[in-house]
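Counting begins at 1 with the first residue of the sequence.
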Amino acid sequence: MPATHQTPPWATEIKALTFDVFGTCVAWREKVASALVSATESKLSSASASNPTSSDTPPSDQVLSRTRSLTREDWARFAQEWRRAYGVWTRSFVPDETPWRDTDTFHHESLVDLLAKWQLDGLFSPSEVKKLSLTWHDLPPWSDTVRGLHLLGSRYHTVALTNANQATLKDLNSQKGVDGSSPLGFQRLLSCDMYHAYKPNPKVYQGGLRDLDLQPGEVAMVAAHLGDLGAAKKEGLRAIYVARPGELDFDADEEKLKKAKEWVDLWIDEGDGGMVEVARRLGIKVDVDVGDVARVLG
């Protein structure tokens with residue numbers, strides 16, 4: 001049986017929940033690594049076949065040799081570097097100073113740069129690189145996400161507030177749960193291209209509040225990243241932390257975690273049931289055992 005928790009008094013003051021998406025609502029690691037592996041295997045299998053009608057320059061023998069030496073674990077590290085570059089870029093972005101790029105553009109350009117860094121320049125054609133860069137549009141939800149969002153949506157306005165652009169967000173919002181029954185179903189989609197800023201910049205949270213026409217105390221930010229929650233908290237939003245495998249901030253040590261538990265308003269550990277447990281803790285009746293939804297996709 002799940003542990004009993006008292007519903008926080010502020011739960012009745014909340015009108016909307018804003019959600020981080022990458023890592024919090026959808027799992028990216030396995031899908032991105034698998035897409036890279038699949039594209040590589042396809043390229044290697046066709047490398048020896050001649051195609052005189054193709055205008056693409058085939059990969060060099062050196063690049064092919066380098067590619068054959070890479071393992072699935074290597075591609076997982078490649079995916080992690082890709083994601084880390086995205087985090088560094090969004091955190092360093094300065095509104096009205098840094099030239100604007102949406103996330104599709106960044107994912108494409110950073111993939112080109114990363115392939116060159118890994119000595120894989122020329123492995124994929126430009127169109128293949130473009131297709132791979134859009135892998136972030138097709139990420140599976142964690143196994144508790146769809147159920148949890150629908151439960152939370154029965155009481156609160158559920159809003160995506162994410163660094164993804166609108167095109168990515170619309171695609172992700174159509175992703176179905178593990179049973180294939182229903183999509184994520186955010187009731188509103190707010191993306192950072194609407195504000196020409198990226199979380200954790202205050203302009204994003206302020207813009208979200210403005211568009212929702214709500215006061216800070218009427219909104220809670222839900223995320224698996226303490227940096228996101230800390231920035232939201234500074235703008236007066238409530239903070240709900242949902243732990244996900246591998247998503248803990250890279251610089252979060254034991255002392256920072258201890259301090260974070262003092263200012264985070266609701267803390268959901270791994271294995272507690274994710275979004276379904278958020279609903280339970282906020283006083284929404286949940287008619288399934290969290291053990292059925294605590295499993296996550298790889």
Judged by atom type as modelled, is there a donor-acceptor pair below 3.5 Å linking the side chain of Arg91 to the main-chain atoms of Tyr198? no
Using only atom types and a distance under 3.5 Å, with no angle test, would you say the side chain of Thr158 pairs donor to acceptor with the backbone of Phe186? no
Least distance between heavy atoms, Asp272 atom then Glu277 atom: O-CB, 3.3 Å
Can a donor-acceptor pair be found, under 3.5 Å and without considering hydrogens, that links the side chain of Glu128 to the backbone of Ser125? yes
Between the side chains of Asp96 and His196, is a donor N or O closer than 3.5 angstrom to an acceptor N or O? no
Closest contact, heavy atoms only, Ser133 versus His108: CB-CA, 3.6 Å
Are Gln175 and Asp138 side-chain neighbours, meaning at least one heavy-atom pair lies under 4.5 Å? yes
Compare all side-chain heavy atoms of His225 with those of Tyr241 and state whether any distance is below 4.5 angstrom. no
Ser34 side chain reached by Arg72 side chain, heavy atoms, under 4.5 Å: yes
For the residue pair His150 and Ser182, what are the closest heavy atoms and their distance? NE2-OG, 3.8 Å
Indicate, with yes or no, if Leu169 and Trp100 share a hydrophobic cluster defined by side-chain heavy-atom contacts under 4.5 Å among Ile, Leu, Val, Met, Phe, Trp and Tyr. yes
Return the CG to OG1 distance between Leu123 and Thr67, rounded to the nearest 0.5 Å. 4.0 Å
Would you indicate whether Gln215, at its atom CD, is surrounded by more than 12 heavy atoms from other residues, nucleotides or ligands within a distance under 6.0 Å? no
Do you reckon Trp10 sits in the same ILVMFWY cluster as Ile284, going by side-chain contacts under 4.5 Å, direct or chained? yes
From CA spacing to verdict: side-chain hydrogen bond (donor to acceptor under 3.5 Å, both in side chains), Tyr205, Asp228: CA-CA 10 Å; Tyr205 310 99; Asp228 191 355; 2.6 Å; yes
If we ignore angles and hydrogens, is there a donor and acceptor under 3.5 Å between the side chains of Asp104 and Thr168? yes
Is it true that the side chains of Asp211 and Tyr195 contain a donor and an acceptor less than 3.5 Å apart? yes
Sidechain-backbone polar pair: Tyr156 side chain, Thr18 backbone, donor-acceptor under 3.5 Å: no
Is the side chain of Thr24 donor-acceptor paired with the backbone N or O of Ala224 at a distance under 3.5 Å, no angle test? yes
Same cluster (ILVMFWY, side-chain, under 4.5 Å), Val88 and Val204: no
Evaluate side chain to side chain contact (heavy atoms under 4.5 Å, CB included) for Leu257 paired with Leu248, printing each intermediate quantity in order. CA-CA 10 Å; Leu257 284 175; Leu248 187 63; 3.6 Å; yes
Side-chain contact, heavy-atom cut-off 4.5 Å: Trp82 with Leu111? yes
In terms of hydrophobic clusters joined by side-chain contacts under 4.5 Å, are Val32 and Leu134 together? no
When rounded to the nearest 0.5 angstrom, what distance separates CG in Asp102 from CG in Asn163? 11.5 Å
Distance alone, cut at 3.5 Å: any donor-acceptor contact between the side chains of Ser110 and Asp113? no
Atom pair SG (Cys25) and CG (Leu139), whose distance is rounded to the nearest 0.5 Å: 11.5 Å
Rounded to the nearest 0.5 Å, the NZ atom of Lys233 sits from the CZ atom of Arg238 at a distance of 5.5 Å
Would you say the side-chain atoms of Thr145 pair up with the backbone N or O of Pro141, donor to acceptor, closer than 3.5 Å? no
Side-chain donor-acceptor contact under 3.5 Å, Asp74 with Thr71: yes
Mind listing the closest non-hydrogen atom pair of Leu149 and Met275 along with its distance? N-CB, 4.5 Å
Spacing of Ile240 atom CD1 and Asp20 atom CG [to the nearest 0.5 Å]: 13.0 Å
Rounded distance (nearest 0.5 Å) linking atom CG of Leu36 with atom OG1 of Thr135: 6.5 Å
State, with a plain yes or no, whether a side-chain heavy atom of Leu70 is found less than 4.5 Å away from one of Thr40. no
Shortest non-hydrogen contact between Lys203 and Ala197, atoms and distance: CB-CB, 4.0 Å
Checking side chain to side chain contact (heavy atoms under 4.5 Å, CB included) for the pair Glu218/Ile14: CA distance, chi angles, key distance, verdict? CA-CA 4 Å; Glu218 296 175 318; Ile14 296 297; 5.7 Å; no
Exercise: do Glu41 and Ser38 side chains pair donor with acceptor under 3.5 Å: no
Between the main-chain N or O of Trp267 and the side-chain N or O of Arg281, is there a donor-acceptor pair closer than 3.5 Å? yes
Shortest non-hydrogen separation from Leu189 to Gln166 and the atoms involved: O-NE2, 3.1 Å
Would Leu114 and Phe78 count as a side chain to side chain contact (heavy atoms under 4.5 Å, CB included) here? Give the steps. CA-CA 8 Å; Leu114 200 53; Phe78 186 104; 3.6 Å; yes
Would the distance check show the side chain of Gln206 and the main-chain N or O of Glu235 forming a donor-acceptor pair, the cut-off being under 3.5 Å? no
Please determine if Glu109 and Arg101 form a salt bridge, counting it only when a charged side-chain N lies under 4.0 Å from a carboxylate O. yes
Is a side-chain N or O of Arg83 found less than 3.5 angstrom from the main chain of Arg29, in a donor-acceptor match? no
Do Leu120 and Arg66 make a side-chain contact, defined as non-hydrogen atoms from C-beta onward lying under 4.5 Å apart? yes
Report yes if some heavy atom in the side chain of Pro216 is under 4.5 Å from a heavy atom in the side chain of Leu209; otherwise report no. yes
With His107 as reference, evaluate Trp136, Trp89, Trp28 under the ring-ring contact (aromatic ring centres under 6.0 Å, His included) test and give the passing residue. Trp136
If we ignore hydrogens and angles and just use 3.5 Å, is the side chain of Thr90 paired with the main-chain N or O of Tyr86 as donor and acceptor? yes
Is any side-chain heavy atom of His157 closer than 4.5 Å to one of Leu214? no
Trace of the side chain to side chain contact (heavy atoms under 4.5 Å, CB included) decision for His137 with Leu172: CA-CA 6 Å; His137 284 237; Leu172 292 175; 5.7 Å; no
